[in-house]
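The block underneath contains the structure these notes are about, expressed in structure tokens.
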Amino acid sequence: MKFGSSHLLNSRLRFRVKFTITFLGLIGLLFPKVIGQTSHKELADSILKAFDLPALGYAVISADSILEMEVVGVKRLGFPDSVTLQDHFRIGSNTKAFTALMAELIVSTGKINWDTKFFDLFPKWKIHSQAAYYSLTLQDLITFRNKLPMWTYSFPEPKPSLIKGNAAQQRINFGKWLFQQAEEDRGSPWNHSNLGYVAAGLMLEKATGDEFERLAADLGELLQIKIGFGQPNATDSAAVWGHNANLKPEAPAQNVRLNWLMAAGNIQISLPDHAAFLQFFLRGMKGKAILLNKSRFEHLLFGAPDFAFGWFWEINENGEPIAHNLGNPGSFLSRVLINPSRDRAYIVVTNCMTDLSYEGTELLMDRLQD
């Protein structure tokens with residue numbers, strides 16, 4: 001869902017963007033090898049300027065190597081501090097792939113199964129919950145096969161004053177609230193609702209006895225990466241700042257609703273660590289990952305139509321299955337794509353969420369695959 005609207009763009013900026021897209025398109029046609037192999041940083045610099053992005057980062061990854069990785073721009077508009085590869089970006093709904101992998105790893109231990117029903121773990125909640133949800137399984141929740149209503153951190157209800165306790169207790173109390181809400185049938189076999197992942201996160205916490213933050217830390221230790229939560233600048237004003245639809249920097253703050261959405265869209269991570277996460281999938285698709293065999297990675301990426309376990313997927317114009325997702329948590333934007341047939345994965349991130357950021361990041365993602 002895009003925030004802001006294109007009518008906010010002035011004519012000068014529209015002309016600049018149109019010219020840049022045309023120019024880059026011509027360069028790509030005339031010199032495809034230059035763009036595809038040696039000039040991605042120059043392309044990123046051009047997109048940064050043409051699409052008014054504070055910062056822009058990208059990575060091209062294989063199972064065994066980081067083929068390219070760069071970040072350009074600044075941490076916060078109006079300030080000179082350059083963004084670095086050590087800086088964290090919020091990845092929004094790309095969090096779902098992390099949660100799905102956690103779930104697969106926990107399923108492999110036998111502590112829970114994909115067909116475990118939510119109310120098998122929370123039977124006392126039934127009396128206050130909608131009967132339509134009684135049969136929902138972990139798989140139903142992770143693959144969007146449910147009719148839970150839409151909800152995100154900007155929704156006014158429930159009021160934070162009604163969701164009490166520490167972070168883990170708030171997630172439990174929010175979970176009780178969400179199962180009291182009526183179904184929403186959108187006439188689709190799958191339902192892109194964050195609440196499925198909220199419920200799945202509760203199931204993982206209950207099955208393991210660990211809070212989600214601990215489960216994420218365990219995954220980080222396994223992959224040798226650092227996973228954080230919330231706004232990067234919430235605890236460090238020198239970190240990357242997000243920017244909203246009007247390019248206004250997002251001031252440091254703790255949003256309790258983001259904690260409720262922990263399993264659905266609240267991870268922040270550096271570009272190298274996000275690349276390592278995707279490398280785990282590429283290795284898994286080659287049968288070279290630890291703990292999980294190739295069939296489990298195929299299951300995660302492509303195991304259900306259209307949206308599998310944390311990933312949208314489709315067959316591209318070359319007949320190759322590709323898995324992808326978009327994270328848009330209000331003031332950051334991130335795109336990820338995995339093409340196992342080519343042994344490639346791609347990341348594009350920026351620290352704003354404007355109409356132009358959608359266009360610029362999409363352009364760069366497309367060119368990285370040339």
Closest non-hydrogen atom pair, [X] against [Y]:
| X | Y | value |
| --- | --- | --- |
| Met150 | Asn191 | SD-OD1, 4.0 Å |
| Ser334 | Val349 | CB-CG1, 3.8 Å |
| Pro252 | Ala234 | CB-CA, 4.1 Å |

*Report the residue from Phe312, Trp313, Phe302 that forms a ring-ring contact (aromatic ring centres under 6.0 Å, His included) with Phe307.*
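Running ring-ring contact (aromatic ring centres under 6.0 Å, His included) over Phe312, Trp313, Phe302 with Phe307 returns exactly one hit, Phe312.
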
*asked:* By the definition ring-ring contact (aromatic ring centres under 6.0 Å, His included), identify the one residue from Phe280, Phe277, Phe212, Tyr197 that meets it with Phe98.
replied: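 Testing Phe98 for a ring-ring contact (aromatic ring centres under 6.0 Å, His included) against Phe280, Phe277, Phe212, Tyr197 leaves exactly one candidate, Phe277.
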
*How would you list, by chain and number, every residue that makes a salt bridge (Lys or Arg N to Asp or Glu O under 4.0 Å) with Lys147, sequence neighbours excluded?*
Asp185

*Can you list the residues that meet the salt bridge (Lys or Arg N to Asp or Glu O under 4.0 Å) rule with Glu184, with sequence neighbours excluded?*
Arg186

*SB check Glu104 Arg296 (cutoff 4.0 Å)*: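 Arg296 and Glu104: salt-bridged.
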
*Member of Thr116, Asp120, Thr137 meeting the side chain to side chain contact (heavy atoms under 4.5 Å, CB included) criterion with Met203*: Thr116

Residues 71-78 side chain polar contacts: donor-acceptor under 3.5 Å, at least two apart:
{"unit_1": "Lys75", "atom_1": "NZ", "unit_2": "Ala238", "atom_2": "O", "d": "3.2"}

Per-pair distances, 0.1 Å, donor-acceptor, side chain in residues 121-132, under 3.5 Å, sequence neighbours excluded:
{"unit_1": "Ser129", "atom_1": "OG", "unit_2": "Trp125", "atom_2": "O", "d": "2.8"}
{"unit_1": "Gln130", "atom_1": "NE2", "unit_2": "Gln180", "atom_2": "O", "d": "3.1"}

_Pairs flagged by side-chain hydrogen bond (donor to acceptor under 3.5 Å, both in side chains) wherever residues 232-243 is involved - sequence neighbours left out_ =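 Listed by first then second residue: Gln231-Asn233.
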
*What pairs meet the side-chain hydrogen bond (donor to acceptor under 3.5 Å, both in side chains) rule with one or both residues in residues 214-225, with sequence neighbours excluded?*
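Pairs touching residues 214-225 that pass the test: Arg214-Asp218, Arg214-Glu221.
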
_Please check: side-chain N/O of Gln279 versus main-chain N/O of Ser62, any donor-acceptor pairing under 3.5 Å?_
yes

*Short question: side chain of Tyr134, backbone of Phe118 - any donor-acceptor pair under 3.5 Å?*
no

*Distance flag, aromatic centroids of Phe155 and Trp260, threshold under 6.0 Å*: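 Not under 6.0 Å, so no.
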
